[in-house]
Trainee: 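The structure follows.
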Amino acid sequence: MDILLNYSILISALFILLQLSSHRRYGICSYTCLVHTVFLAVPFSYFSLKALLIGQNLVKQIILIPSYSLSILFTPTSTPFITLLSFLLPLTVLHSVKYLTRYGKLATLRFYPILSVLALTTYLFFTTNNVILFVVLLEIITVTSCILVAYGMKREEITASITYLTFSVITTKFLIGGLAILVSLTGSYVLLENLKLLSKISSENTFLGLAIVTLLLIPFLMKAAVPPLHFWLPNVYAEAPSSFSALLSGVLSKIGIYGLILVLTNTVTTTLICQVWGSILVVLGIIGILIGSLQMLLMEDYKKLIAYSSIEHIGYIVLCLGIWLLTFHVDPLVSALAFTTAIVHVINHGITKALLFLNSGSILYTTGTRDLGSIGGLSRYMPYTCVAAIIGVLTMAGLPLFAVFLSKWLVYTTCLLAGEVYSVLYVSCILALIGSLLSAIAYSKYLTEAFFTTPSEIVLQRGIREVPKSMIIPQMILALACVALGLYPYPYVSTLYRVTRLLVPEYPSFTEVFTVPTLPVVVLPKGLGSTWLPLIVGLTLAIGCVVGFTLKGVSLGVRKLVPLWLSGEVISLDYVRYKSYGVYSTIRPTVWKYVRALTKIEALQNLRKIAYGRVYEVYLGRVYEGITYLVIRFASITRRSMLGELCTYLAVIFLFLTIVLTVMVT
Amino acid sequence: MYLLLSLVIPLLAVPFVYLTCRRSDKVASSIAIASYIISTVLLTYSYIYGPRVEVYYEKVGSLFGVSLFIDELSYVLCLVTSILFISATLYSIDYIRYRPDGYELYYTLLLLLYPLILGIFISQNLILWFIFYEFSMVPAILIIAKWGYRETIRISILTLMFTVVGGFIILVGLLLVFDTLKSLNMAFISHRIASFLTTIPKYKIIIALLLVGLLIKLPSFPLHYWLPLAHAEAPAPLSAILSGIIIETAAYSIFRVLYMTLVKPLVRTVELTTLATMITPFALICMSVALVSIFYSGVMALRERDVKRVVAFSSITHMNFILLAFSIGVMGLVYGIPELAIAASMYHTITHSLSKGLWFLLAGLIMYLVHERDLMKLGGALQLSRAIQFIGISTLLAMVPVPPFACFFSELLMLLTSYSTSIPYSGLVLILFVCGIALSSGYTLRYLYLTWVRSTNSAVIHLRGNVHVPKTMLVSMSILLTSIVIFGVLSFYVYMRLVRWLHGI
C-alpha cells in the first residue's frame, strides 16, 4: 500500500498520458480514467481510514521526481471527505461513459484527462499540508471543474462555467490575503502550523483574528454555496454533464465544508469569534434551507430542482456547524452532537445527492429535455431508474429506514437541545422542519411528474428505453448504500464520532452522547425521548401508507381507464396533463389571501414602507446605484482625457514632478 | 566580448534582412529569428561560463563609459525578450500583410529594437543605459506611425513627447549623480553611496527625478496617457513587445537604477533612523501612486469596449502591482525585513511580460480574423476554430490568473510576501492589494465572457466555418504559451534563485 501511495503521482501522470494519447478511441480513454480513479481510491482511502482508526495524523511521502518527494498528511478531519470522494468518483466516471454520448460529437480530450487531473488534485487537496499547495490545488480544482461544466460548449453552459470561475477566483484572493497575514507571522509555509497560530492571534487580538477568519472563510462559504454566495450554483449544477453534477454536488461542494471545519476548529477557543461566526452560520444556514426549499417548489427544471436541494442541505450542515460554535463553551454534549451531525450529513447528503443527479442524468439521457412538464410516465419504460429514483427521493425526503432520516433527525434534535441553551434556536428547529416538509413536497413532484403520470408526447414519440447497464449499476450501488446506511447506521456514526472526539478531546464519549439501542436500526442522542421513538414514527408512517392505499382502493372502487371525451376537437395529450406547477398553484391563492390580509394592517404597512423605503431605496438602492453611477461617470469623464492637447499632458507631467519633489524634500 | 557580440549580431543582420525582405519576407524573418537565437546563446554562454562583466571604457571624471554586465535578473529578462521577439516576428509574417506596405522597413525596425532593449538590461554604465532606454522607443514610435490603426501620427507624437520629457527628467537626475560622484558606473555608485550622506536633500531630489522619469514609462496614474493609445493602436506584434518588454524595462530600471544602485547600498552604510528618513517618502509615494493607478485602470478596463484597450489598461494595473509589491519591499528594508516582496515583484515582471504579450497577440488575431474592434460585437470569436478556442481560453486564464500558468504563482508570491506586522497600515494595504487583484481578475473574466460566449449581434456569425487561421500565428502563440507554462512549473526555482541573488547568497 505504501508503494501504491509513493508512486501515485507518477502513475497518475502515466494514466493521464495514456488518456491523452488515446483520445481518439473513446472506450480506451474512458475506461483508463475509471481504472485511474479506482487506483487512486485504494491507497488514499486506506491511509485516511487508518489515520482515523489509530487516531493520529499520518505523514507520508509521494515521489514527485526521483530524489524529490512531496510530503502529505492524512488527518482524521479529512477522512470523511476522502472516503466519500473515493466512493463517488469511480461511480460517476462509470455513469459518464455512456452519458456523454448524448452530446453528439464526442470531445474526449475535454473530459477524461481533465477529470483525472481533478481526481488527483482533489485527493492531494485533502491531504496537503503546505499553504502554497493548498491554494494552488484549490485553484486547479476550480479550473478543471469549470472546463468540465462547459463540456457541451452551449451558450448557457459557458455562461454558468464562467460565473463559477468568477466567483471562485475572486473569493480565493481573500483566502490568499488571509494566509499572507498568517504566513508573515509564522514565517513558515506549513498549513496546520499557520492555522494553529490563528487561535493564539485571536486570543491576543480578537479583532485581527476575526478579520483573518473572515478572509479565510469567504472562499469556503462560496464553494459550499451558502446563501449570499450561492447564485452560481443552480445554473452550474443544471448545465454541467449530470455525471459531473453528481461529483460537484457530492464532493466538490463539500470542499467548502472541509475548509470551514479546518479554519473554525482552530479558532473555537476564542469566545467572541465563536459567537459571531456561530450566529452568522446559523442565520445563513436557515436562509439557505428556506431559499433552497422554496425555490425547489417553484422549479420546473428537474436538475435545477435537485440543485436547489443542494443549497437546502448545505444549509442543514452549516446550521449544525453554527450551533456547534455557539454551544462550544456552554454545553459540550450539544456541541459534540452538532458537529457529528454535520459530518454525518455530509456523508449522507453526498451519497444521496449523487444518486439523484445520476438519476436525473439518466432521464436527460433518454428524453433529452430538462422540463418536468414535458415528461411523464417513465416508470413503465425505465423500471430500474424508477426504483433508484424512488429510493433517492424517499431518502432525501427523510423517511425512516433510509440514510438521510438519521441525519435530519439529528439536526432537529440538535436544534431542540440547543434551544434549551439559547431559546432562539427553537425557531431554527421549526424552520428546518418547514424546509424539510417543502422539499419533500418538491421531491414528490419530481417523482410523480417524471415517473408516474401518463406518458407525455415526447416520451411516446421518442421510443424511450431503459438506460444502458453502465448507467444503472452506479445508481443501484448508491441506492443500496442509502438503504444500508439507513438500516445500520451504528458503525459509521460511531466511526465519525471519533473525528469529533479527536478534534476536541474534552468531548464526552460516544455512549454518553448517543443511546445505542439493542436493535441496530437507529442511534439516538440522549436527552430526547425514548430509544423507540424513531421506530414508532417509522411504523406509524408505514401503517399510514398501507391504510392509505387500502382506503384509496375502497373509495374509488375498481379503477378504469376511460378515453378523454374531446367532442371532436383535436387536442394534444400534453394539454390535459397534470402539470408540475400544479403542486404550488393550489397553495398560492390561499397564501396570497393571507398576504393580502396582512398588507391591509396599517402598522405592517408602515413597517413595510419603512423597510422598503428606508432600507432598500435609501441604503441599498442609493448606495449600489450611486457606486455604479460613479464608476460609469468616472470612466466616461476620464476617457475624454485621452483626447487632450500635448501641452496639457506636459503640464500634468510637470505638476506631478513638482508634487513628488515637494513630498520628497519636505 | 560575448555580451558586446550579442548586441552587434542583430545589427549585422540588418542589411541582410532589409535586402532579402523584398524577395521573401519569410526568409527575412527567419534571418531575424536566427540572429535573436544567436544573441541569446551568446548571452547564455556569458551568463554560465563568464566573464559576467565586460569593461571597455570607464574613467572617473568622464561622463561617458562603456561597460556591460549580466546577472540573474538581466539574464532572465533577456531570455524573455528573446522569446517575445521570436514569437512577435513569427506572428508578423501573416499579420503584417494586411497592414500598409513596406515590410522591409518593418522587419528592420523590429530587428533594431532587439539590441536596444537588450542593451538596457546589460549595460552597467548609467549613461549607456540611458541611451538605450531612450532610443528603444524610437523604432517603436516609427512602427506605430506607419503601421498603426487610427490617429497614428497624433499618438506617435504624443508618445514621443512623453518619452522625451521623461528622458529629460531622468537625464537631469543622472547629471546630479555625476555632479557628486564624478562617475556613472553602477558598481562605482553603489560603492561610493556614502558620499550622498552629506547632501541628503540632493539625494532625495535625485530619487524623485529618476522616479518620475521612470514612472512615465511604467506607467502610473497621472503619467499614463500615452499607454492606452499607443498600445491599442500599434500593430499587434509591436503591442506585444511594447506591453511585454518596453514597459518592463521601466520596472527593471526601477529595480536596478533606483533600488540596487541608489537605495539598497545605503543599508550597509547608514543607521536605520537616517535610512528611514531617506527612503520612507520614496516608498510612500510609490505605494500611493500604485494604489491609485490600480483602481483607476481597473475601473477603466471594466468599462472599456475596445478589444485592445482593455489589455492596455490591464498592463497599467499589472505594472502597478509590481510597483506596489516593490514599495512594500522597500518599506521592509527600513524595518530589516528580507526582500522577499521585491523578489516576488521581479518575478511578476517576468511572468507578466510573457502573459501580456500573449494576450496582445490574441487580441490581434481576433482583429485580423474579424476586422472588428468592439468587444460587444465579438461574441463567439473564441469559438471560430478549435485551435483559437484552446489558445484563447488558455491566454485569458493565464491572465486571470489560474495555475499552472506563471502569472498565478507570481501574484500568489506577491500577496504572500506583502504583509508584515512591523510596517504600519500593512493590513490595509494588503486588503486593497487583494481587492485590486480581484478587480483585475474581474475584467479579465469579463473579456473571456464577451469573446467566448456567442451573442446575437456578433460580427463573428457569418465567419463561422470559413476562417483560415495562419499557422505561423498559432505557432508563435503556442511558443509563448509553452514558455508561460514552463515558467509556471519552475516558478519556485526561479523565485528562490532571485531571492538568493538579492541577498547575496
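Only heavy atoms go into these numbers, but all of them, side chains included; no hydrogens, no water, no symmetry mates.
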Trainee: Could you pull out all residues at least two apart from B:F313 that satisfy ring-ring contact (aromatic ring centres under 6.0 Å, His included)?
Mentor: none
Trainee: What's the separation between atom CG in A:L657 and atom CD1 in B:I169, rounded to the nearest 0.5 Å?
Mentor: 5.0 Å
Trainee: Is it the backbone or the side chain of B:L223 that comes under 4.5 Å from a heavy atom of chain A, or both, or neither?
Mentor: side chain
Trainee: If I take atom CD1 from residue A:I653 and atom CD1 from residue B:I216, how far apart are they, to the nearest 0.5 angstrom?
Mentor: 4.0 Å
Trainee: For chain A and chain B, what donor-acceptor pairs lie under 3.5 Å, backbone included?
Mentor:
from	atom 1	to	atom 2	distance (Å)
A:R155	NH1	B:R454	O	2.0
A:M642	O	B:R154	NH2	2.8
A:G644	O	B:R154	NH2	3.3

Trainee: Rounded to the nearest 0.5 Å, what separates atom CG in B:L445 from atom CD1 in A:I170?
Mentor: 6.5 Å
Trainee: Given that the side chain runs from C-beta out, which part of A:I147 has a heavy atom under 4.5 Å from chain B: side chain, backbone, both or neither?
Mentor: neither
Trainee: Supply the atom-to-atom distance B:I207 CD1 to A:M664 CE, rounded to the nearest 0.5 angstrom.
Mentor: 5.5 Å
Trainee: Surrounding CZ of B:F390 (heavy atoms of other residues, nucleotides or ligands, distance under 6.0 Å), is the total greater than 12?
Mentor: no
Trainee: Please classify the contact of A:V663 with chain B as side chain, backbone, both or neither, using a heavy-atom distance under 4.5 Å.
Mentor: both
Trainee: If I measure from the heavy atoms of chain B, does A:V169 come under 4.5 Å with its side chain, its backbone, both, or neither?
Mentor: side chain
Trainee: Report the residues that fulfil side chain to side chain contact (heavy atoms under 4.5 Å, CB included) with A:L650, sequence neighbours left out, ordered by chain and then residue number.
Mentor: A:F654, B:M161, B:V165
Trainee: Go through the steps to decide whether A:F174 and B:I431 satisfy the test side chain to side chain contact (heavy atoms under 4.5 Å, CB included), and finish with yes or no.
Mentor: CA-CA 8 Å; A:F174 293 98; B:I431 300 277; 5.9 Å; no
Trainee: Against chain A, label B:F433 side chain, backbone, both or neither, depending on which of its atoms sit under 4.5 Å from a heavy atom there.
Mentor: neither
Trainee: Can you sort out the partners of A:F220 under ring-ring contact (aromatic ring centres under 6.0 Å, His included), two or more places apart, ordered by chain and number?
Mentor: none
Trainee: Taking atom CG of A:L179 and atom CG of B:L416, what is their separation to the nearest 0.5 Å?
Mentor: 7.0 Å
Trainee: So for B:L215, is it side chain, backbone, both, or neither that comes closer than 4.5 Å to the heavy atoms of chain A?
Mentor: side chain
Trainee: Is any side-chain heavy atom of B:F408 closer than 4.5 Å to one of A:V135?
Mentor: yes
Trainee: Give, for atom CG of B:L448 and atom CD1 of A:I162, the distance between the pair rounded to the nearest 0.5 Å.
Mentor: 4.0 Å
